[in-house]
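Here is the structure we will look at, set down as structure tokens.
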Amino acid sequence: AYLSQIVESRIIEGYEYVLAQRRRYNQTNGAEGAYVVATNSSWGYQGLKEEDYPLWCAIYDSLGHAGVINVAATDNQNINVDVQGDLPTSCTSPYLITVTSTGRDGAKLNQAAYGVTTIDLAAPGADIYTTFIGNNYNYDAGTSMASPLVAGSVGLLYASPCPSLPLLSQADPGEAALLAKDLLLRSVVEDASLVNRTVTGGRLNVYNALQLL
């Protein structure tokens with residue numbers, strides 16, 4: 001697989017806008033910029049690996065140091081991305097959370113990728129009621145539905161009544177981002193279909209994460 005430099009530069013440019021806004025927020029103590037705590041990537045490129053696009057993968061570290069956790073959906077095929085590669089989920093930044101999808105029964109969907117060292121956790125990705133083209137709502141499915149649930153969960157942690165995460169974010173934005181990721185990964189519900197197929201062996205449980213916080 002091959003990605004043109006033009007496409008890669010546009011990807012980086014998009015993330016750099018977010019980075020600039022969060023850095024501005026940090027520098028002005030919230031007077032300017034935007035308090036972005038998570039990005040979501042419900043898109044990607046199968047067959048690509050980090051060593052082929054180091055600049056793309058490096059932007060996640062820069063975002064993380066500023067306080068932004070990044071969430072990415074893996075491929076919608078039953079493939080092992082540890083072997084085959086998939087960007088951005090093959091990026092190894094500690095500030096990246098990689099997501100596969102589960103069905104109504106809580107098990108990994110057959111048409112969802114996996115990787116015991118690459119994919120962190122799963123989230124619901126079947127029959128998701130969401131916004132749709134034409135100012136409408138409809139059901140959709142796939143890892144692109146699962147990933148934003150995880151990104152939204154990051155925001156919920158920051159918005160919870162517990163002040164520890166926002167306070168840490170003021171003192172050390174990068175550590176706060178890592179704590180948010182750690183809370184989500186440590187609070188998963190284990191499922192046999194995800195054990196030895198994901199890093200955590202489980203799926204997202206926001207209630208558990210909030211209790212852990």
Quick check: closest heavy atoms across [X] and [Y], and the distance to 0.1 Å?
| X | Y | result |
| --- | --- | --- |
| Thr102 | Leu109 | C-CG, 3.6 Å |
| Ser101 | Gly125 | CB-CA, 3.8 Å |
| Ala126 | Ala141 | CA-CB, 4.1 Å |
| Ser90 | Thr118 | CA-CG2, 4.0 Å |
| Gly64 | Ala177 | O-CB, 4.1 Å |
| Ala151 | Thr39 | CB-O, 4.1 Å |

Side chain to side chain, [X] and [Y], heavy atoms closer than 4.5 Å:
| X | Y | result |
| --- | --- | --- |
| Val199 | Thr117 | no |
| Asn26 | Pro173 | yes |
| Ser187 | Leu183 | no |
| Thr198 | Leu121 | no |
| Leu179 | Glu175 | no |
| Tyr60 | Pro88 | yes |
| Leu55 | Ile12 | yes |
| Tyr114 | Asn196 | no |

Which one of Val99, Leu194, Val188, Thr100 satisfies the side chain to side chain contact (heavy atoms under 4.5 Å, CB included) criterion with Arg203?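 Among the candidates, only Leu194 passes.
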Listed partners of Asp82 passing salt bridge (Lys or Arg N to Asp or Glu O under 4.0 Å), at least two apart: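 In terms of salt bridge (Lys or Arg N to Asp or Glu O under 4.0 Å), with neighbours along the sequence ignored, Asp82 is linked to no residue.
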As an exercise, state the distance from [atom1] of [X] to [atom2] of [Y], rounded to the nearest 0.5 Å.
| X | Y | atom1 | atom2 | answer |
| --- | --- | --- | --- | --- |
| Leu167 | Asp172 | CG | CG | 13.0 Å |
| Thr98 | Asp86 | OG1 | CG | 9.5 Å |
| Leu19 | Leu63 | CG | CG | 5.0 Å |
| Leu210 | Ser160 | CG | OG | 6.0 Å |
| Lys181 | Asn70 | NZ | CG | 10.0 Å |
| Leu149 | Leu156 | CG | CG | 11.5 Å |

Taking atom types as modelled, is there a side-chain donor on [X] or [Y] under 3.5 Å from an acceptor on the other?
| X | Y | answer |
| --- | --- | --- |
| Ser41 | Tyr15 | yes |
| Gln77 | Gln46 | yes |
| Glu50 | Thr92 | yes |
| Thr130 | Asp140 | no |

Begin with the C-alpha distance, continue with both residues' side-chain angles, and end with the deciding distance and a verdict on side chain to side chain contact (heavy atoms under 4.5 Å, CB included) for Trp56 and Leu87. CA-CA 9 Å; Trp56 176 1; Leu87 285 184; 3.7 Å; yes
Output yes when a side-chain donor or acceptor of Ser42 lies under 3.5 Å from a complementary backbone atom of Ser144, and no otherwise.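 Here the side-chain-to-backbone pair exists.
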Intermediate values then yes/no, ring pair (Phe, Tyr, Trp, His ring centres under 6.0 Å), Phe132 and Tyr137: CA-CA 5 Å; Phe132 220 71; Tyr137 290 86; 9.7 Å; no
Taking a hydrophobic cluster as the set of Ile, Leu, Val, Met, Phe, Trp and Tyr residues connected by side-chain heavy atoms closer than 4.5 Å, whether directly or through intermediates, do [X] and [Y] fall within one such cluster?
| X | Y | value |
| --- | --- | --- |
| Leu165 | Leu185 | yes |
| Val37 | Leu184 | yes |
| Ile11 | Leu96 | yes |
| Leu212 | Ile69 | yes |
| Val7 | Val18 | yes |

Derivation of the side-chain hydrogen bond (donor to acceptor under 3.5 Å, both in side chains) call for Ser93 and Asp61: CA-CA 6 Å; Ser93 171; Asp61 287 342; 2.6 Å; yes
NZ/NE/NH1/NH2 to OD/OE distance under 4.0 Å, Arg104 and Asp127: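 The answer is yes: the pair qualifies as a salt bridge.
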Return yes when atom CG of Asn29 has more than 12 non-hydrogen atoms of other residues, nucleotides or ligands closer than 6.0 Å, and no otherwise.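 No.
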Should we count CG of Asn136 as having more than 12 external heavy atoms under 6.0 Å?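 Enclosed.
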Is the Tyr158 ring parallel, tilted or perpendicular to the Tyr35 ring (thresholds 30°, 60°)?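 If you compare the ring of Tyr158 with that of Tyr35, the planes turn out perpendicular.
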Set out, in order, the CA-CA distance, both residues' side-chain angles and the distance that settles side chain to side chain contact (heavy atoms under 4.5 Å, CB included) for Glu190 and Val195, then state yes or no. CA-CA 7 Å; Glu190 188 175 289; Val195 173; 3.6 Å; yes
Between Tyr207 and Gln211, does a side chain to side chain contact (heavy atoms under 4.5 Å, CB included) hold up when you go through it step by step? CA-CA 6 Å; Tyr207 176 81; Gln211 294 302 310; 3.6 Å; yes
When the aromatic ring centroids of Tyr129 and Tyr139 are compared, is their separation below 6.0 Å?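 Yes, close enough.
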Is there a side chain to side chain contact (heavy atoms under 4.5 Å, CB included) between Lys108 and Asn78? Walk through the geometry before answering. CA-CA 10 Å; Lys108 188 187 82 70; Asn78 191 33; 3.0 Å; yes
